[in-house]
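One structure below.
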There are 2 protein chains.
Amino acid sequence: MASVTLKDVSKVAGVSYATVSRAVSGSPEISEETRRRILKICKEMGYTPNSIARSMVKRCTNILGLIVPSLNNPFMSELTADLEIYARNRGYNLMVCNSSYDHDLELEVFSLLIGRQVDGVIMIPVGHEPYDSLSALTRQVPTVFISENMQNYPENYVSVDNFRGMQIATEYLCSLGHREILYFGARSDSKTHELRLEGYLSSCEKLGLAPHVLRSSYSRSSREVGYTLASDYFSRPRQETAILCSADMLAIGVKQAAYEAGIRIPKDVSLMGFDNISFSALPEIDLTTINQPTQQMATSAVDMLLDHIRDPEAAHTRLILPPSLIERKSCRPIKA
Amino acid sequence: MASVTLKDVSKVAGVSYATVSRAVSGSPEISEETRRRILKICKEMGYTPNSIARSMVKRCTNILGLIVPSLNNPFMSELTADLEIYARNRGYNLMVCNSSYDHDLELEVFSLLIGRQVDGVIMIPVGHEPYDSLSALTRQVPTVFISENMQNYPENYVSVDNFRGMQIATEYLCSLGHREILYFGARSDSKTHELRLEGYLSSCEKLGLAPHVLRSSYSRSSREVGYTLASDYFSRPRQETAILCSADMLAIGVKQAAYEAGIRIPKDVSLMGFDNISFSALPEIDLTTINQPTQQMATSAVDMLLDHIRDPEAAHTRLILPPSLIERKSCRPIKA
DNA sequence: CTGTTTTACGCAAACGTTTACGTTACCTGT
DNA sequence: ACAGGTAACGTAAACGTTTGCGTAAAACAG
């Protein structure tokens with residue numbers, strides 16, 4: 001497993017190892033003839049440059065850290081895949097860490113990544129932290145937040161317009177004749193979920209609807225949480241004709257609970273999600289939802305991060321992408 | 001962003017930087033008193049050890065490479081999550097790369113990871129490569145394959161007993177009275193899928209059933225592939241009463257195609273999968289399937305890899321875990 | 001009190017690169 | 001032919017650690 005180094009190659013080639021370095025790293029200070037000769041020897045000897053040593057002197061690793069609450073959520077795993085592929089095409093590798101929806105762990109892996117000397121960090125935050133502890137970290141390394149609005153802080157972020165997205169959803173349900181719409185969400189310690197809720201509330205006001213809000217005590221937008229909360233909800237009398245969930249995974253959990261409670265969707269109650277994960281398109285799920293342009297979010301986040309790595313003094317950037325309605329069959333019009 | 005080094009701390013503490021190094025790295029060659037004093041100064045100055053420099057001299061990075069065909073497949077993204085969490089708890093970070101079901105890309109990212117000086121590689125292979133090109137890489141760094149049987153090669157791997165799993169599935173369908181069972185699978189250039197097919201065939205022979213096999217020309221076990229292939233299948237006359245898929249994602253695609261073709265599951269045809277991804281438990285999917293013990297696969301793979309990092313000369317290890325039947329509602333008994 | 005071991009620390013080399021600077025040798029223009 | 005310039009390569013320092021070795025002082029045994 002002992003690998004061959006520049007020094008080894010230089011001995012064989014009969015040149016200094018600086019020359020070999022210039023040959024492999026594409027420096028212009030070398031003749032084409034010797035370059036070809038040296039590269040040939042490198043190939044024969046199976047030389048691969050040690051990127052650790054290179055990082056040491058160049059003071060950059062070409063590694064990006066990614067902190068994600070969970071990979072069991074398809075929205076996040078698909079985003080992760082897009083991020084990794086695009087980053088690699090731009091010459092960066094990803095070090096991925098699960099925060100498991102845990103604030104403390106999130107901060108812990110963040111400093112771990114800093115110790116790893118990553119050139120930048122992309123983070124899908126669990127929610128809003130006490131900003132002090134977070135900014136102590138973002139000051140140390142270029143960071144962009146994804147899928148979370150950091151509008152009150154000097155941070156880079158790219159997200160969908162969550163406020164507008166929920167407005168679109170609420171308006172859509174209202175246009176179908178729903179007047180009693182339940183907003184069903186995760187605990188809003190994240191600005192993202194706060195904005196979604198506010199979008200709902202603002203539309204309610206504008207449309208003259210009475211708001212109904214049911215929120216989980218977990219910040220996790222998982223199927224299990226949706227299922228548990230909805231099972232309880234369905235066991236009691238209710239007046240709402242539509243349920244608007246703050247995430248598709250939550251909606252899928254709700255659907256499961258509805259199924260077990262003998263409540264048909266959309267016959268008995270209409271159901272909407274938010275995210276447009278790929279599973280929502282299945283005919284058995286067929287969930288009307290709000291789309292997040294994940295691919296564009298991924299490429300923009302990487303671009304944004306690399307820009308800030310190149311120029312750490314650059315002003316903070318925010319990018320808010322437009323959501324769109326994906327109409328499927330989980331909602332139906334009701335008579336007035 | 002200029003970080004504080006050992007040298008900076010040593011100046012303040014009035015000791016040599018070797019002493020500071022011993023203080024932070026927990027060497028016994030230092031008095032408890034000075035250790036406490038130095039660690040206090042470290043904290044005050046915000047010192048974080050540079051793991052790149054450490055890797056340089058220790059000749060190990062505490063980084064593991066993970067190569068995975070896709071993160072859009074829940075089986076793989078859940079496995080990835082388990083691997084990352086367990087590896088991190090054992091002091092290793094994961095560098096994740098998508099191979100996008102591409103053999104050439106798979107080899108390319110593998111050498112990329114070697115250049116990154118990862119201590120080991122965990123790989124979910126796309127399928128069987130020409131073994132020469134692969135072994136040229138596995139010789140350079142400890143590697144364990146996961147979810148793929150490498151029984152014909154001197155490699156470490158952990159997988160479920162795919163052969164037995166498909167036997168269990170076939171036997172189960174037969175016990176429900178099905179005599180005409182379609183095996184619906186991805187192209188078998190992977191040993192995993194070859195073994196699954198063989199398990200089916202062996203059970204067919206044992207049970208006196210005529211085998212029916214339909215295989216995709218893609219190695220990708222995605223919903224789209226299942227949907228496309230099944231749409232075509234359902235458009236023609238058929239005699240099978242049950243469809244046994246080589247992966248849950250394939251089965252979900254089949255279910256989608258069945259839905260659109262007006263074919264009810266399990267009323268018109270029974271359907272089985274393999275993998276037991278979390279979505280299969282949804283009441284709308286409710287797929288009878290074969291469980292893979294992913295969590296145990298993940299921890300075993302990491303343990304196995306770390307063992308071989310510690311002792312690279314150790315004999316190759318193979319671990320084959322037992323599959324189990326998860327009975328849900330996508331299959332029904334038929335009359336003889 | 002002497003001789004030996006142990007403890008706690010400093011010194012310096014090493015890990016494999018990159019790159020500023022120095023040094024040739026060759027080329028150019030006059 | 002000569003000054004000046006340039007192309008091509010070598011020398012050595014630097015990046016931030018770890019660690020073997022050396023050494024002084026402290027601890028210990030007799």
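Each chain gets a letter, A, B and so on, in the order its sequence line appears, and its residues count up from 1. Worth knowing before you read on, the calculation uses all heavy atoms, side chains too, and leaves out hydrogens, waters and symmetry mates. Fair warning: this is a prediction, and the values are worked out from it, not measured in the lab.
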What are the two closest heavy atoms between B:Glu84 and A:Asn98, and how far apart are they? OE1-N, 3.0 Å

For C:dT17 and A:Ser51 - does any side-chain N or O of the residue sit under 4.0 Å from the phosphate oxygens OP1/OP2? no

Report, as a single string ordered 5' to 3', how protein heavy atoms within less than 4.0 Å touch nucleotides 14-21 of chain D: B base, S sugar-phosphate only, - not at all. -BBBBBB-

B:Thr138 and B:Glu155: side chain donor to acceptor below 3.5 Å: yes

Atom CZ of B:Arg35 and atom P of C:dT7: how far apart are they, to the nearest Å? 14 Å

Flag the pair A:Glu33 and A:Arg37 as a salt bridge only when some basic side-chain nitrogen lies within less than 4.0 angstrom of an acidic carboxylate oxygen. no

Could you walk me through whether B:Ser55 and B:Gln117 pass the side-chain hydrogen bond (donor to acceptor under 3.5 Å, both in side chains) check? CA-CA 9 Å; B:Ser55 298; B:Gln117 312 296 120; over 6 Å; no

Base, sugar-phosphate or nothing for B:Ser55? Non-hydrogen atoms, less than 4.0 Å. nothing

note: A:Ile38, atom CD1; D:dA8, atom P; distance rounded to Å ~ 13 Å

Under 3.5 Å, sequence neighbours excluded: what are the donor-acceptor pairs made by side chains of residues 15-24 of chain A?
| residue | atom | partner | partner atom | Å |
| --- | --- | --- | --- | --- |
| A:Ser16 | OG | A:Ala18 | N | 3.4 |
| A:Ser16 | OG | A:Thr19 | N | 3.4 |
| A:Ser16 | OG | A:Thr19 | OG1 | 3.2 |

N/O donor-acceptor pair under 3.5 Å between A:Asn93 side chain and A:Ile63 backbone: no

